[in-house]
Amino acid sequence: MFEVGDNIVYPMHGAGIIEAIEEKEISGEKQQYYVISMSVSNMQLMIPESKILRSNLRPVTDIAALKSLIHHFEHGLSESDRSLSWKQRYKVNTDKIKTGKIQEGAEVVRDLKRMKKEKALNSSEKKLFDNAYELLISELKLINGITENQIKSFS
């Protein structure tokens, strides 16, 4: 499925690189583990091979998908419903980030960025915005062929 050296995205943790695939014995059970070095937090994760599919781990987006994403980011309509309370909006946005999909994470950044221009975000939404932005940028930095200007278009 994944190989050593692959750039990946792990939902809620950001982008990273598969450093190794090792066999470990934990609680008397031998399993293969993916050892992943995360760029955002400078930490290393070990995910059992048996849980990779459920973890929503995915390859880093390619440059073609990124171009579509940039257009949607700059010109797309805000999908956040202003009639929702901030708590409901926070849950919707958190659920989007948990999917691990770059499109959903970018929507959270875009929508909260637009709201931030209108009025100050509360501390929970500001923290969510900062986290979503950091996760998005961590992936953008690992996409082959992306320019610094394209990354800056998200700020």
Side-chain angles (χ1 to χ4, degrees), residues 1-2 5-20 33-48 50-155:
M1 183 189 313
F2 293 104
D6 285 353
N7 292 328
I8 55 84
V9 176
Y10 188 37
M12 301 298 289
H13 294 279
I17 299 171
I18 297 177
E19 296 288 330
Y33 284 84
Y34 285 83
V35 180
I36 304 168
S37 178
M38 303 306 295
S39 60
V40 171
S41 57
N42 289 328
M43 70 177 182
Q44 213 173 50
L45 299 175
M46 290 179 54
I47 304 173
S50 62
K51 294 189 179 179
I52 288 292
L53 289 177
R54 289 185 304 213
S55 71
N56 290 335
L57 196 72
R58 65 170 175 79
V60 167
T61 301
D62 63 17
I63 193 71
L66 177 65
K67 289 179 181 178
S68 170
L69 178 69
I70 289 172
H71 178 77
H72 184 74
F73 187 85
E74 293 172 346
H75 305 291
L77 298 174
S78 178
E79 295 178 16
S80 65
D81 187 345
R82 304 228 185 252
S83 66
L84 295 177
S85 71
W86 78 264
K87 287 182 181 180
Q88 292 169 317
R89 196 171 49 245
Y90 183 88
K91 173 149 181 27
V92 167
N93 285 333
T94 301
D95 289 345
K96 283 183 177 183
I97 293 170
K98 284 180 181 178
T99 68
K101 296 177 182 173
I102 192 170
Q103 178 77 31
E104 304 241 348
E107 286 175 4
V108 171
V109 171
R110 180 198 61 209
D111 294 349
L112 290 177
K113 181 179 174 182
R114 288 179 181 170
M115 288 181 66
K116 187 176 171 182
K117 285 182 181 178
E118 295 172 16
K119 64 175 184 161
L121 299 174
N122 67 40
S123 60
S124 295
E125 284 188 307
K126 176 157 180 16
K127 187 174 180 176
L128 183 66
F129 170 76
D130 292 343
N131 186 37
Y133 180 77
E134 191 173 277
L135 295 174
L136 178 63
I137 296 302
S138 76
E139 179 169 4
L140 295 178
K141 288 180 178 179
L142 291 180
I143 296 174
N144 289 329
I146 189 170
T147 66
E148 199 64 37
N149 285 339
Q150 287 171 314
I151 292 175
K152 286 179 182 175
S153 73
F154 287 92
S155 43

Decide salt bridge (charged side-chain N to carboxylate O under 4.0 Å, His left out) for Lys101 and Glu107; before the verdict, give the C-alpha distance in whole Å, the side-chain angles of both, and the deciding distance to 0.1 Å. CA-CA 10 Å; Lys101 296 177 182 173; Glu107 286 175 4; over 6 Å; no

Donor-acceptor pairs under 3.5 Å, side chain of residues 6-19 to any protein atom, not counting sequence neighbours: which ones?
residue	atom	partner	partner atom	Å
Asp6	OD2	Glu3	N	2.8

Starting from the C-alpha separation in whole Å, work towards a yes-or-no answer on side chain to side chain contact (heavy atoms under 4.5 Å, CB included) for Met1 and Tyr34. CA-CA 11 Å; Met1 183 189 313; Tyr34 285 83; 4.2 Å; yes

Measure across Glu134 and Val40 and return the closest heavy-atom pair with its distance rounded to 0.1 Å. OE2-CG1, 2.6 Å

From Arg54 CZ over to Ile52 CD1, what is the distance, rounded to the nearest 0.5 angstrom? 10.5 Å

Here the gap from Glu125 atom CD to Leu112 atom CG, rounded to the nearest 0.5 Å, amounts to 5.5 Å

Using the rule given for side chain to side chain contact (heavy atoms under 4.5 Å, CB included), can you reason through Ile102 versus Leu140, listing the C-alpha separation, both sets of side-chain angles and the distance that settles it, and then say yes or no? CA-CA 9 Å; Ile102 192 170; Leu140 295 178; 4.3 Å; yes

Determine the minimum heavy-atom distance between Tyr90 and Ser124, stating which atoms define it. CE1-O, 3.5 Å

Interatomic distance, CZ@Arg114 vs NZ@Lys117, rounded to 0.5 Å, equals 8.0 Å

Heavy-atom pair with the smallest gap, counting every atom of Lys98 and Asn56: O-ND2, 4.2 Å

CG/Leu128 to NZ/Lys91 distance, rounded to the nearest 0.5 angstrom? 12.5 Å

Hey, could you give me the OG/CG distance between Ser37 and Asn42, rounded to the nearest 0.5 Å? 7.5 Å

Could you check Phe129 against Val109 for side chain to side chain contact (heavy atoms under 4.5 Å, CB included), going step by step and ending with a plain yes or no? CA-CA 6 Å; Phe129 170 76; Val109 171; 3.9 Å; yes

On a heavy-atom basis, the closest approach of Leu135 and Ser138 is O-OG, 2.7 Å

Taking all non-hydrogen atoms of both residues into account, name the closest pair between Val92 and Leu84 and its distance. CG2-CD1, 4.3 Å

Which heavy atom of Ile36 sits nearest to which heavy atom of Met38, and what is that distance? CG2-SD, 3.4 Å

First locate atom CE of Met46, then atom NZ of Lys51, and finally report the distance between them rounded to the nearest 0.5 Å. 12.5 Å

